[in-house]
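Before any comments, here is the structure.
Numbers for residues simply follow the sequence, beginning at 1. The structure presented is a predicted model; accordingly, all values stated were derived computationally and were not measured.
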Amino acid sequence: MTEFAILTRLAGEGRIRLFNEHVLLDAHKKGPVIIVSCHTGNWEVGASGLNMLGLKWADFYVPPPREVQHKLANEIRETFGITMLPPGKAGVRPAIRE
């Protein structure tokens, strides 16, 4: 959870670089986009990148085990405009609405 302390600063300090972002933006203009990625690091960095492009998005997630961690994670995610979808069957209908 320590990386959450700096997530909001990464883009402003030029620490996130996007490549071929026009591909994503062109696809987004045509309709909804589903992004599938490997979880090799903090996925909120990707959220910051999408935020840099002016895109709002939704994602499924499993809440952290501790309430304080959950609160911190959600506060940061809100700054990136992420709509959090509940995991499992509970998230299917909200995902379709998104």
Side-chain angles (χ1 to χ4, degrees):
M1 297 296 295
T2 56
E3 68 270 10
F4 278 90
I6 56 129
L7 280 171
T8 56
R9 297 192 330 239
L10 294 176
E13 294 178 1
R15 296 189 172 266
I16 297 176
R17 290 183 28 198
L18 304 174
F19 298 91
N20 299 318
E21 61 270 17
H22 65 280
V23 174
L24 177 59
L25 292 172
D26 290 347
H28 184 263
K29 288 177 189 173
K30 295 176 184 174
V33 174
I34 295 175
I35 298 173
V36 178
S37 66
C38 289
H39 192 318
T40 59
N42 190 303
W43 63 265
E44 283 86 356
V45 173
S48 183
L50 292 173
N51 192 49
M52 288 168 54
L53 296 175
L55 300 176
K56 300 298 180 200
W57 60 293
D59 198 356
F60 295 97
Y61 81 112
V62 176
R66 295 184 180 156
E67 184 59 34
V68 69
Q69 292 173 327
H70 191 203
K71 184 176 186 253
L72 173 65
N74 284 340
E75 286 175 3
I76 297 298
R77 290 169 180 156
E78 285 176 15
T79 67
F80 297 133
I82 305 170
T83 299
M84 301 311 299
L85 303 170
K89 292 179 185 178
V92 173
R93 288 192 191 273
I96 291 170
R97 281 192 293 271
E98 285 293 321

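The hydrophobic cluster containing Met52 also contains Leu7, counting ILVMFWY residues as joined when their side-chain heavy atoms lie under 4.5 angstrom apart, directly or transitively. No single ILVMFWY cluster, assembled from side-chain heavy atoms under 4.5 Å apart, contains both Ile76 and Phe60.
Within the model, atoms CZ of Arg97 and CG of Leu85 stand 9.5 Å from one another, a figure rounded to the nearest 0.5 Å. Separation of atoms CD (Glu44) and CG (Asp59) is listed at 8.5 Å; rounding is to 0.5 Å. For the atom pair OG1 (Thr83) and CD (Glu98), the distance works out to 4.5 Å, reported to the nearest 0.5 Å.
Looking at every heavy atom in both residues, Phe4 comes nearest to Leu72 through CB-CD2, 4.0 Å. The nearest pair of heavy atoms linking Gly49 to Leu18 is O-CD1, 3.7 Å.
At least one side-chain heavy atom of Leu25 sits under 4.5 Å from a side-chain heavy atom of Leu55. The shortest side-chain heavy-atom distance between Leu24 and Leu50 falls under the 4.5 Å cut-off. Counting heavy atoms from C-beta on, the side chains of Trp57 and Ile35 never come closer than 4.5 Å.
A salt bridge is absent between Glu67 and Lys71: the closest approach of a Lys/Arg side-chain nitrogen to an acidic carboxylate oxygen does not fall below 4.0 angstrom.
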For residues 10-17, run the donor-acceptor check on the side chains, cut-off 3.5 Å, and write out each pair with its distance to 0.1 Å, sequence neighbours left out.
{"unit_1": "Glu13", "atom_1": "OE2", "unit_2": "Arg9", "atom_2": "NE", "d": "3.4"}

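Grouping Ile, Leu, Val, Met, Phe, Trp and Tyr residues whose side-chain heavy atoms lie under 4.5 Å apart, directly or via other members, places Val36 in a hydrophobic cluster with Ile34.
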